[in-house]
Amino acid sequence: MKPKAVFLDRDGVINPSVWNEATKAFESPHRVGDFCLNPGAAQAMRDLQKAGFALIVVTNQPSYAKSKKTPLEVITAINDRLAVDLAQEGVVLKAVFTCLHHPESLLPGYGACACRKPSPYFLLQAERWFGIDLCASWMVGDRATDVACAHAAGVKAIRILGQDQARADPKPLAYAQDLRQAATIILQSA
Ligand SMILES: [Mg+2]
Ligand SMILES: [Zn+2]
């Protein structure tokens, strides 16, 4: 049987997004010290792992491309910290796919790209690289772009409604308060 996966958006799902007073928006953590796991996130991922799901993070991190305010090393360091914190909780990530681009970036090589969500690029790559059965897989994200990405790849979507979001199109299969509740939904349908 082909392996199944839960694709996970990072910010607002595994870790909290962080309020940025300058932009008046919830954003990715811009410093390693601002990163922490959401309560219950590791347990939820452990439960999914035990049920046989590969865990694959798919995240847009355009901060360097947009403003260079977050150095690339910091973006890498936060992803490293994510993997280490989860490993300490017994959670192994199959892959972390990061889009560093932004269509408005003026930096060479960081502009328009194929991989930025809502593009299903990384989900299709996971299918090619790891043989993931997309029809048996799920995506959990907190933005409409995560849901659109899931739909484009033929993956079932759960949207976490946190912090600054309201229900909107495209419609996910289900809404959840947090990753813990999303995992419960996935495990009950598996
Ligand atoms: Mg997010
Ligand atoms: Zn990209």
Side-chain angles (χ1 to χ4, degrees), residues 5-46 49 54-123 125-126 129-130 139-150 159-165 178-180 182:
V6 177
F7 296 97
L8 298 140
D9 171 45
R10 198 191 78 185
D11 306 316
V13 174
I14 302 175
N15 54 279
S17 297
V18 178
W19 179 254
N20 183 335
E21 192 55 34
T23 59
K24 306 277 179 207
F26 284 100
E27 294 181 358
S28 307
H30 296 308
R31 292 172 306 196
V32 180
D34 288 340
F35 176 88
C36 65
L37 296 175
N38 268 329
Q43 173 74 54
M45 293 171 80
R46 221 164 32 228
Q49 190 171 269
L55 303 174
I56 298 175
V57 174
V58 182
T59 177
N60 288 349
Q61 297 296 332
S63 178
Y64 173 76
K66 282 202 295 204
S67 64
K68 290 196 198 168
K69 273 197 195 117
T70 311
L72 285 176
E73 305 84 77
V74 173
I75 294 177
T76 306
I78 290 175
N79 275 344
D80 289 348
R81 174 71 185 277
L82 166 81
V84 167
D85 285 3
L86 286 172
Q88 279 173 354
E89 299 278 346
V91 175
V92 180
L93 297 174
K94 179 91 180 161
V96 177
F97 291 122
T98 305
C99 168
L100 294 170
H101 315 106
H102 191 273
E104 285 158 32
S105 178
L106 300 174
L107 297 177
Y110 287 88
C113 71
C115 55
R116 181 176 164 82
K117 291 179 289 184
S119 163
Y121 183 92
F122 287 131
L123 279 57
Q125 182 161 287
W129 286 9
F130 311 127
M139 168 124 192
V140 183
D142 70 332
R143 303 270 171 185
T145 46
D146 295 311
V147 178
C149 167
R159 181 152 175 220
I160 289 174
L161 282 185
Q163 296 170 308
D164 59 344
Q165 295 110 12
D178 54 21
L179 184 51
R180 191 160 187 77

Of all heavy-atom pairs between [X] and [Y], which one has the smallest distance, and what is that distance?
X	Y	value
N15	C36	CB-O, 2.9 Å
A150	L123	CA-CD2, 4.4 Å
A182	V140	CB-CG1, 3.9 Å
A126	I56	CB-CD1, 3.9 Å
S119	A114	OG-O, 2.6 Å

Does K117 pair with D146 as a salt bridge, N-O distance under 4.0 Å?
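Judged by the 4.0 Å cut-off on N to carboxylate O distance, K117 and D146 do form a salt bridge.
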
What verdict does the side-chain contact (heavy atoms from CB on, under 4.5 Å) test give for K24 and W19, after you've listed the backbone C-alpha separation in whole Å, the side-chain angles of each residue and the deciding distance to 0.1 Å?
CA-CA 7 Å; K24 306 277 179 207; W19 179 254; 4.2 Å; yes

Pairwise distance [atom1]([X]) to [atom2]([Y]) - rounded to 0.5 angstrom:
X	Y	atom1	atom2	answer
N79	F35	CG	CZ	8.5 Å
D80	I75	CG	CD1	12.0 Å
T59	I14	OG1	CD1	8.5 Å
L86	R81	CG	CZ	10.5 Å
C149	M139	SG	CE	4.5 Å
E73	Y64	CD	OH	8.0 Å

Would a distance-only check, ignoring hydrogens and angles, find a side-chain to backbone donor-acceptor pair under 3.5 Å from [X] to [Y]?
X	Y	result
S105	H101	no
R159	D142	yes
Q49	L55	no

Pair Q43-R46, side-chain donor/acceptor within less than 3.5 Å:
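Side chains of Q43 and R46: pair found under 3.5 Å.
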
Any side-chain donor near an acceptor of the partner, N38 and R180, under 3.5 Å:
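Absent: no donor and acceptor within the cut-off.
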
Heavy atoms, side chains only, cut-off 4.5 Å: are [X] and [Y] in contact?
X	Y	value
Y110	L72	yes
I160	D9	no
V74	H30	no
C115	Q125	no
S67	H102	no
T70	I78	no
P62	E104	no
V6	M45	no

More than 12 heavy atoms of other residues, nucleotides or ligands under 6.0 Å from OH of Y121: is that the case?
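Counting other residues, nucleotides and ligands, OH of Y121 stays at 12 neighbours or fewer.
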
Could you walk me through whether C99 and C113 pass the side-chain contact (heavy atoms from CB on, under 4.5 Å) test, one step at a time?
CA-CA 9 Å; C99 168; C113 71; 3.7 Å; yes

Can you say whether the rings of F122 and F97 are parallel (under 30°), tilted (30 to 60°) or perpendicular (over 60°)?
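The arrangement is parallel - the two ring planes meet at less than 30°.
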
